[in-house]
Structures are given as structure tokens and as C-alpha cells.
Peer 1: 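Just dropping this structure here.
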2 protein chains.
Amino acid sequence: MSGKRATLADVARLSGMSITAASMILNGRPDTRLSQDAHDRVNAAAQALGYRPNVAARGLRTDKTLTIGFISDLVATTRFASGLIKGALEAAEAAGHVVLLLETGGDPQREAEAIAAVLDRQVDGIIFATMRARELFVPELPSATAVVMLNASNRLHAMSVLPDEEAGGRRAVQLLIERGHRDGIALIGQNDEVERDKFRSVTVARRVAGIRSEMAKNDLTFMSEESIWLWEPEGGYKATRALFRRNQAPSALLCLNDRIAFGAYQALAEEGLRVPTDVSVASFDNDELAAYLRPGLTTVALPHEAMGRRAVELLLSQEAQREVLIEMPVVERESISVPSSR
Amino acid sequence: MSGKRATLADVARLSGMSITAASMILNGRPDTRLSQDAHDRVNAAAQALGYRPNVAARGLRTDKTLTIGFISDLVATTRFASGLIKGALEAAEAAGHVVLLLETGGDPQREAEAIAAVLDRQVDGIIFATMRARELFVPELPSATAVVMLNASNRLHAMSVLPDEEAGGRRAVQLLIERGHRDGIALIGQNDEVERDKFRSVTVARRVAGIRSEMAKNDLTFMSEESIWLWEPEGGYKATRALFRRNQAPSALLCLNDRIAFGAYQALAEEGLRVPTDVSVASFDNDELAAYLRPGLTTVALPHEAMGRRAVELLLSQEAQREVLIEMPVVERESISVPSSR
DNA sequence: CTGTTAGCGCTTTCAT
DNA sequence: ATGAAAGCGCTAACAG
């Protein structure tokens with residue numbers, strides 16, 4: 001509709017003030033005291049013209065663009081990223097900022113280009129997010145640029161925001177113990193590789209560590225540990241079948257994520273066992289899946305949105321933190337009950 | 001690392017050329033003929049300084065920011081949006097653009113603010129995306145701003161990119177017919193409201209229309225139509241149970257989306273029926289879910305990534321289109337077979 | 001109390 | 001063949 005955008009000059013002209021005066025008044029600069037009349041005229045003119053400052057032009061002077069770069073390895077692609085982004089978007093909006101979203105697929109080449117692209121646009125700060133928490137390499141950056149790692153960490157650079165997996169792991173075990181499960185708990189999804197490789201997967205290793213520490217604290221050991229290479233439903237299905245083929249009768253399955261649990265549900269159904277009457281299931285992540293399952297899956301949630309939110313707050317506030325851990329809330333549904341005495 | 005960013009002036013100084021010359025050379029302006037030597041010196045200097053143009057400053061002069069605004073009602077939030085965004089990101093990157101992602105939650109107030117925010121940053125164009133395809137209201141925009149609607153349409157404004165639901169609906173029916181299903185097909189998820197309300201749901205209405213037209217073309221009618229208010233697993237489960245409680249024995253279920261199919265699978269399992277041996281299932285969307293199900297669900301996919309890609313291509317190319325329809329590919333898995341002769 | 005002036009980094013006439 | 005100068009829209013010293 002409106003042909004051209006009104007500029008500060010237009011406002012000044014219409015109000016009969018200088019450009020400077022208009023600028024000061026519209027920015028509500030505190031010290032300067034221009035007449036009340038001047039204020040009114042300028043504000044009225046701005047209003048009438050529908051004036052909005054040109055952020056790019058302003059940024060040229062002030063070095064603030066009210067824009068933050070969100071660079072992720074696999075963004076949009078996964079349900080994983082969604083919450084992270086949503087949280088970041090919310091916090092950014094609340095702070096009057098806007099976010100530039102870039103995806104790199106984890107490719108160093110594209111990563112470098114993404115960084116260049118956001119830097120070219122003078123972003124106020126950059127968030128690096130990864131889908132599988134990991135140690136992320138960050139190339140040289142202009143020293144001034146604020147950086148926070150989201151679901152990732154970095155030795156040198158920056159602050160990072162991570163889920164509190166250690167506590168989450170402990171919480172999951174407690175969930176089962178509280179209901180009376182003790183010796184009949186099977187762990188589904190154990191994976192030596194992951195447990196050792198703190199580099200590749202900062203958080204998942206902690207999840208398992210939390211689980212083991214809580215078991216130990218209660219003098220418990222797993223009746224069985226089924227290992228799974230890929231944490232997908234298929235693996236959960238097979239691992240659970242294997243468990244029963246060995247004629248073991250667990251009272252509860254502690255699945256390392258919801259997709260595994262999904263597969264476990266299927267195996268249980270084929271086994272003629274009901275959740276939670278015959279066997280309880282606890283899990284992690286709170287995937288969309290968890291709500292769809294029947295009965296609903298009780299799971300320790302990955303707090304994606306909270307993480308995204310916290311990341312931009314951190315970036316904008318410039319508090320100095322190293323690693324901020326976000327609590328993993330438990331989402332109670334119907335998959336856990338008192339062990340049956342089969 | 002690097003303290004300050006190199007500017008064009010720095011390049012000029014180091015190369016011993018004027019700023020003008022440097023600008024022209026680096027932009028590869030065609031007509032001007034500066035000496036080969038000048039070219040070499042400028043390029044070398046730029047290289048040495050790691051010079052990158054400041055996009056904001058350039059935009060101030062050229063009115064091109066190589067940035068596009070992606071405004072969505074429910075972005076990040078849904079698996080739905082992910083593909084749209086991913087596709088858009090890819091195409092933008094390929095074209096040397098970058099995307100500003102904003103979410104409005106469908107709230108007109110926030111919608112207006114989002115538009116203002118991207119306009120303030122001089123974006124080259126705006127994509128409006130919705131999760132449930134619908135008619136979207138777009139407030140007045142500067143006439144110059146390019147606009148495309150993604151998974152939405154708008155009477156006045158813009159070009160829109162939509163899935164070809166009509167063809168998709170027909171395709172799904174063909175899938176069943178090809179395998180020999182005829183009189184035993186039940187439709188799960190019928191919803192008068194949606195079928196009538198072309199305004200609220202441009203595409204889903206077309207999906208159903210396509211289905212009905214293909215059935216009619218083959219002189220077929222559904223053995224039953226189960227209506228569902230909310231297209232979630234719960235509804236699919238109940239509708240399917242209801243079907244069997246009436247003692248009907250369909251040879252195939254045509255589910256209006258994958259979440260419904262998910263519920264249907266559960267009901268089928270409880271009924272002691274196997275997919276696809278006892279009853280076949282066909283569906284729509286190609287949700288993440290569809291791959292997890294056992295057996296894998298054959299479904300007519302919503303081509304989210306292709307849509308996102310096409311939207312930015314359209315935006316950037318400024319071809320004049322009204323409505324571009326993206327083909328819905330069928331994803332064959334294992335849920336359809338020849339009808340059993342129970 | 002208010003306006004002039006000088007840039008931010010870049011592109012683009014227009015002279016030379 | 002090359003450069004000076006103006007100006008995109010804005011803010012910030014510095015004078016009046």
C-alpha cells in the first residue's frame with residue numbers, strides 16, 4: 001500500500017524540527033530537554049507518517065542490529081530442533097530482537113559460510129545449536145561477537161546451555177523405585193560407545209551416568225542391559241524381544257529414549273504383555289510420540305523450549321556463565337505402576 | 001580473533017587504489033575497464049584483509065539486503081513447519097540469501113509486529129506460512145515488497161504455494177484400487193465441517209474432493225465413513241473401533257492422515273487383525289510416525305521441503321504465478337496388500 | 001533548548 | 001583508465 005517508507009527526514013520536515021531533534025525525541029534520549037511542544041509535534045508527525053526507524057541504517061551507526069544469528073547443524077529437520085528454535089524465537093521477540101536462522105548440516109564448509117553470512121549482517125550475537133549434543137568447533141570470530149552454545153559445548157569459546165541430564169537420569173530411576181520396582185528393572189538402549197565417548201555426546205553420557213549413580217545409591221543393579229546401536233524404534237523392538245527370548249521377566253523397562261520405548265511397546269504387545277499392568281516403562285525425551293502411545297508414556301523431558309529461551313537470554317544479557325543446566329521435567333503419563341507379582 | 005572488520009576503505013588503502021575502484025573491481029562491474037594490475041592489487045588486498053562487504057551498509061544504498069522474512073503462525077513448534085523451513089533455508093542459501101524467521105502464533109497483533117520487524121530490516125521479500133493451510137489475512141505492505149504465501153492463500157495479494165491435494169487424494173484411492181480393493185474400503189476421518197469450510201482449510205477440503213472424485217470415477221462407494229472431529233490418534237482409534245463394533249469387515253482403511261492411521265493401527269491390533277494381511281491401510285502426510293509404525297505405513301506425502309524451496313524460488317525470481325501446486329509423492333511402505341478373502 | 005556537522009560502509013554518477 | 005563527491009537513513013559530538 002504505502003508507496004515509500006517515511007524517513008526521519010520526513011518526520012523532521014513535517015514537524016518543523018531538525019532531524020537531530022526528531023531522532024532524540026523518538027529515541028527518548030533522557031538528558032536532552034527539548035520543549036514539550038517539540039515532543040508533541042515530532043510524535044504527531046511520526047504517528048501521522050507511520051514512521052519506523054530503518055534498523056539497518058541505525059545499525060550502521062550504533063553497531064546494534066537487534067538481530068541474532070541462530071546457526072544449527074540440523075534445524076528445522078528434526079522435531080528436536082523445533083523446541084529449541086521456538087524457545088529462542090520467543091525470547092528474542094520478548095527482547096525486541098529477531099533471529100536469522102541458518103542450517104549447516106554439520107558440514108564445516110557450510111558452517112564457515114553461515115558464520116560469514118550472519119557476520120556480514122552485523123548480528124548482535126550468535127547461537128550455535130546442535131541436535132545431538134556435542135563438542136562443536138567454532139572458527140575464529142570477531143572478538144566482540146557474543147556467542148552461546150545451545151545443546152553443545154565448546155572448550156574455549158563460550159557459554160553453553162545444556163539439559164541437566166545427570167539429574168534427569170537419576171529422576172527416571174527414582175520414578176521406578178518410588179513405585180516399588182527394584183530387582184526387575186531392565187535397561188534398554190545401553191551403548192558402550194556413547195558412554196565412553198564424552199566428546200561425541202556430552203549429554204547422553206551424563207544421562208547414563210545419572211542412571212547408574214542412582215541405581216548404585218539404592219544398591220540396585222539392572223536385571224539386564226540390552227544394548228542398541230541406533231536409538232530408533234526398530235532397535236527398541238529388537239532389544240526387547242531379545243530380552244524375552246532369554247526368558248527374563250522384567251517388572252520395568254527403563255528405555256534410554258522414547259523412540260526405543262516405542263519399539264519396546266510393540267514388542268511387549270506381541271508378547272501379550274500389557275503396559276503398565278504387566279510391565280512398566282519409563283523413558284526420556286518427551287518426543288511427540290510419547291503422547292500418542294497407548295497408554296501414554298511417562299518420560300523425562302528434554303526441555304527444548306526452555307533451553308532455547310535461556311540461550312538467547314544469556315546471549316543478550318551478557319552475564320558470564322560457563323555452563324547452564326536446564327532442568328528436565330518429568331512428564332507423568334500412564335506407563336508406570338506398581339510391579340505385578342507374576 | 002580479528003579485532004575489527006576490514007572495510008572497503010582498508011582495501012583501497014592497502015591496494016593503493018581509490019575506494020571507488022575497489023568497489024567496482026570487487027563487484028565485478030562489467031563496463032568499467034580498470035587495469036589488470038589494479039584488479040590484481042585490489043583482489044590481493046581484499047584477500048589479505050579477509051574483506052567482506054557489510055551487507056547492511058550496501059543495502060542502504062541498493063535496497064537489497066539478501067535477506068528474506070519467513071513469518072509463520074506456528075513454526076518451529078510442529079513437525080509440520082520443519083520441512084517448510086528446511087526447504088526454504090536450502091533454497092535461500094543456494095541463492096545467497098538468508099532468512100529471518102518469525103513466529104506469530106496466529107495472533108493478528110503479533111502478526112502485525114512481525115511484519116513491521118522484518119520491514120524495518122529491509123527484507124527483500126516475505127513468505128507467509130501457515131501450518132494448517134488457510135486463507136490468511138495480510139495487512140497493508142509497502143507495494144514494492146515481494147510476497148508469497150506458503151501453505152496458505154490470499155485473495156488479493158500474492159502467489160501461493162500449496163500441495164496438490166486434489167491429485168494426492170486421487171492417488172491414494174488408486175493405490176487401494178490397484179491392489180484390488182473395491183467394495184471394502186472404509187474412509188476414516190471424514191469431517192463435514194472441513195469439507196464444507198473451504199475457507200478454514202483450503203487444502204484438506206481438496207484432499208477429500210480428490211478422494212471422492214476418484215471413487216466416483218471408478219463407480220465405487222465407501223463401505224463406511226467414520227467421522228472424526230480432531231485428527232489425532234485418539235480419534236483414529238475410536239473411529240476404527242466403532243467401525244468394528246458395527247460388525248463391518250473392511251478390506252482397507254483409507255485414513256485422512258497418519259495420526260489417524262496410527263490410532264487405527266492400535267485398534268486393529270486389539271481387534272486381532274494384522275496389517276496388511278487382514279486389512280490394508282493407506283494414509284496421508286508422511287509424518288515421522290509413518291516410518292515408525294510396524295508395518296511401515298504407505299502414505300501420500302505432504303511435500304513440505306519442496307514447498308519451502310519453491311516458495312523462496314518464487315519470491316526471488318519474481319515470476320508471476322497465482323497458485324503453484326506441488327505434487328504429493330506417494331511413499332510406499334508395507335501397509336497395503338491384496339484383499340484377503342475372509 | 002535546538003541545529004550543524006560529521007560520519008557508519010557502501011555504491012554511483014560524473015569529472016578528469 | 002581512475003577518483004572525488006554525494007548520499008542511502010540514522011546517531012552523536014559539538015556548537016550555538
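By convention in this document, chain letters (A, B, ...) are assigned in the order of the sequence lines, proteins followed by strands, and residues within each chain are numbered from 1. Every heavy atom of this structure was used, including side-chain atoms; hydrogens, water molecules and symmetry mates were not.
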Peer 1: Of all residues at least two apart in sequence or in a different chain, which pass the side chain to side chain donor-acceptor pair (under 3.5 Å) check with R309(A)?
Peer 2: E90(A)

Peer 1: Give DNA chain D the dot-bracket treatment, 5' to 3': Watson-Crick (N1-N3 with N6-O4 or O6-N4) or G-U (N1-O2, O6-N3) under 3.5 Å, [ ] crossing, | other strand.
Peer 2: ||||||||||||||||

Peer 1: Any side-chain N or O of S35(B) less than 4.0 Å from the OP1 or OP2 oxygen of dA1(D)?
Peer 2: no

Peer 1: Counting only side-chain heavy atoms from C-beta out, which of dG3(D), dC10(D), dT12(C) sits nearest to S18(B)?
Peer 2: dG3(D)

Peer 1: More than 12 heavy atoms of other residues, nucleotides or ligands under 6.0 Å from CD of Q321(A): yes or no?
Peer 2: yes

Peer 1: Just compare dC10(C), dT11(C), dC8(C) and give me whichever is closest to any side-chain atom of Y51(B).
Peer 2: dC10(C)

Peer 1: All N/O contacts under 3.5 Å from nucleotides 5-7 of chain D to the protein, with atom names and distances to one decimal?
Peer 2:
{"residue": "dA5(D)", "atom": "N6", "partner": "T20(B)", "partner atom": "OG1", "Å": "3.3"}
{"residue": "dG7(D)", "atom": "N2", "partner": "R61(B)", "partner atom": "NE", "Å": "3.3"}
{"residue": "dG7(D)", "atom": "N2", "partner": "R61(B)", "partner atom": "NH1", "Å": "2.9"}
{"residue": "dG7(D)", "atom": "N3", "partner": "R61(B)", "partner atom": "NH1", "Å": "3.1"}

Peer 1: Remember a base hit wins even if backbone is also touched, and classify A56(A) as base, sugar-phosphate or nothing at under 4.0 Å, heavy atoms.
Peer 2: nothing

Peer 1: When you get a sec, tell me which of dG9(D), dC10(C), dA12(D) is the closest nucleotide to the side chain of T62(A)?
Peer 2: dA12(D)

Peer 1: Considering just the side-chain nitrogens and oxygens of S23(B), establish if one lies under 4.0 Å of OP1 or OP2 belonging to dT11(C).
Peer 2: yes

Peer 1: Over all strands shown, is N27(B) touching base, sugar-phosphate only, or nothing at heavy-atom distances under 4.0 angstrom?
Peer 2: sugar-phosphate

Peer 1: Given dG3(D), dC10(D), dC10(C), which nucleotide is nearest the side-chain atoms of A21(B)?
Peer 2: dG3(D)

Peer 1: Identify which nucleotide among dG3(D), dT11(C), dC10(D) has an atom closest to any side-chain atom of M17(B), counting heavy atoms from C-beta outward.
Peer 2: dG3(D)

Peer 1: Which of the following nucleotides, dG9(C), dT11(C), dC10(D), is nearest to the side chain of R58(A)?
Peer 2: dC10(D)

